[in-house]
Amino acid sequence: MTEQTHFVDIRHAQKSFGSLEVLKDISLTVERGQIVGIIGSSGSGKSTLLRAINDLDPLTGGEVWLDGVQVNKTLPHRQYEKHINAMRQQVGMVFQHFNLFPHMTARQNVTMAPMMLKGLSQEAADKLAEEQLDKVGMLERIDYYPSQLSGGQKQRVAIARALAMEPKLMLFDEATSALDPELVEEVNMVMKKLAEEHMTMIIVTHEMDFAASVCDRVLFMDKGVVVEEGPPEVLFRNPSKDRTREFLRKHLEGAK
Amino acid sequence: MGLDFSIIPDYLDIILLGVAWTVGITLAAAALSFAGGVVFAVIALYAPWVIRQPFRLIEFVFMGTPLLLQLFLIYFGLVQIGIDLPAFVAGIIGLGLHFAVYNSELIQTSILAVDRGQMEAARTLGLSRGQALRKVVIPQAVRAVVPPIGNNMIALLKDSALVSVIGVSELTLSAQRAIGKTYRPFEFYILAAAFYYVINLCMEWVQRKIERRISISR
């Protein structure tokens with residue numbers, strides 16, 4: 001294994017479902033505090049790549065490193081489970097469909113993992129939940145169940161739930177795609193706030209404006225490869241590849 | 001010989017004792033069938049092959065043979081290999097395991113119906129699969145399964161009459177004993193039926209309470 005110095009280091013990621021190749025030799029590095037956006041049409045492999053980072057969709061080839069530790073290393077099953085659970089505690093993930101636990105209040109959604117995995121007392125966990133929910137502007141709804149919340153509120157609670165584990169890295173898998181347009185902004189605000197706090201983030205998104213405003217770097221993926229990457233002002237204004245131009249043009253038309 | 005319900009009060013103590021046994025056995029067996037149902041369901045869905053196979057055999061035996069035979073086997077059969085259970089314990093185990101197998105089928109279906117994203121979200125936080133099942137998936141599955149399990153529990157109550165054949169003085173056997181002394185089968189069977197009906201109503205009431213409680217917390 002070679003020495004590595006990048007915070008997130010994806011090397012030659014490859015993923016196939018049977019004969020279908022979803023990721024074709026993708027390499028990507030992210031430094032601490034960086035915010036990287038991944039754009040591309042559905043089926044381009046962007047979510048699969050994101051989900052490979054915490055091994056939710058294990059790669060069929062290549063390596064994922066986080067802060068000097070290989071995430072997808074080869075270990076006997078039991079040891080691997082232990083290893084991956086420890087890795088995942090360091091990586092927060094936010095899903096398109098929120099995936100809040102419907103039988104728990106917002107508070108319980110946030111406190112469950114810290115209490116189970118970090119041994120926090122009820123009191124300490126409650127304090128943590130209040131802090132985190134306050135941060136996403138959901139303190140007033142702390143004892144509401146997910147069914148009593150709007151989509152934007154649910155997603156904010158889901159972000160608080162992830163933050164409560166004090167992750168080093170946050171992954172956003174189309175966090176606003178399932179929201180009604182008027183609810184997108186409140187979630188974007190929370191993500192912007194995290195950006196200001198220099199949280200390292202990888203954001204899969206369909207929202208070019210948002211990507212342009214928060215990301216340090218944007219990747220355009222198509223058919224399992226990174227077609228082009230660069231700072232948002234370059235990638236969005238002066239893309240060098242035809243496929244990127246085509247995608248952005250179509251996307252712009254769709255947005256109208 | 002006409003009907004004469006006036007003799008009932010003289011034997012009411014026997015009958016009420018029978019009611020108590022029926023309720024007790026039903027509750028204990030229901031608890032066992034529920035806990036066993038969850039365990040069987042988790043084994044059926046997640047355990048390695050070598051553990052799954054013996055449980056499939058248990059499932060096959062309890063679903064494919066008469067409950068009466070199962071009770072005989074547990075009460076009379078196990079003695080031969082040195083396991084001498086009191087009749088009521090044998091009855092609870094027999095009824096409990098029999099219905100655990102049926103509950104397991106329901107719970108398996110409802111575990112599989114829990115959205116995949118729930119397991120993913122839990123795993124992403126760092127929970128092991130076991131922890132995720134215990135805290136996230138199973139609690140949701142169990143909530144969804146309360147109404148059909150309630151139906152099974154009413155069947156369990158009715159089938160609890162079968163433990164009378166291994167000598168547990170539950171409601172049906174108590175009625176028979178009263179009849180043995182009075183030769184008044186109609187009166188006492190009707191009385192027993194009325195008690196079964198009342199217990200049934202109580203169970204439905206409890207079930208509705210539970211359903212309402214858990215539906216609020218969703």
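Order of the sequence lines fixes the chain letters, A, B, ..., with proteins taken first and strands second; residue numbering starts at 1 for each chain. Heavy atoms only: backbone and side chains are in, while hydrogens, waters and symmetry mates are out. For clarity, every value in this text was computed on a predicted model and none was experimentally measured.
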What I want to check is whether the side chains of [X] and [Y] have a donor and an acceptor closer together than 3.5 Å.
{"X": "A:Trp65", "Y": "A:Glu63", "value": "yes"}
{"X": "A:Glu207", "Y": "A:Thr176", "value": "yes"}
{"X": "A:Thr29", "Y": "A:Asp9", "value": "no"}

side-chain hydrogen bond (donor to acceptor under 3.5 Å, both in side chains) with A:Asp67: of A:Lys168, A:Gln90, A:His6, only one passes, and it is A:Lys168
Toward chain B, the part of [X] with a non-hydrogen atom under 4.5 Å:
{"X": "A:Met112", "answer": "side chain"}
{"X": "A:Arg51", "answer": "side chain"}
{"X": "A:Phe101", "answer": "both"}
{"X": "A:Leu100", "answer": "backbone"}

Rounding to 0.5 Å, atoms CZ (A:Phe95) and CG (A:Leu50) come to a distance of 9.5 Å
What one should report as the nearest heavy-atom pair of A:Gly92 and A:Ala162 is CA-CB, 4.0 Å
Contacts of A:Val190 meeting side-chain contact (heavy atoms from CB on, under 4.5 Å) (sequence neighbours excluded), chain-then-number -> A:Val136, A:Arg156, A:Ile159
Residues 95-132 of chain B vs chain A, non-hydrogen distance cutoff under 4.5 Å, contacting residues -> B:Asp115, B:Arg116, B:Gly117, B:Gln118, B:Glu120, B:Ala121, B:Ala122, B:Arg123, B:Thr124, B:Leu125, B:Gly126, B:Leu127, B:Ser128, B:Gln131
Which of A:Arg107, A:Lys135, A:Arg141 passes salt bridge (charged side-chain N to carboxylate O under 4.0 Å, His left out) with A:Glu130? Answer is A:Arg107
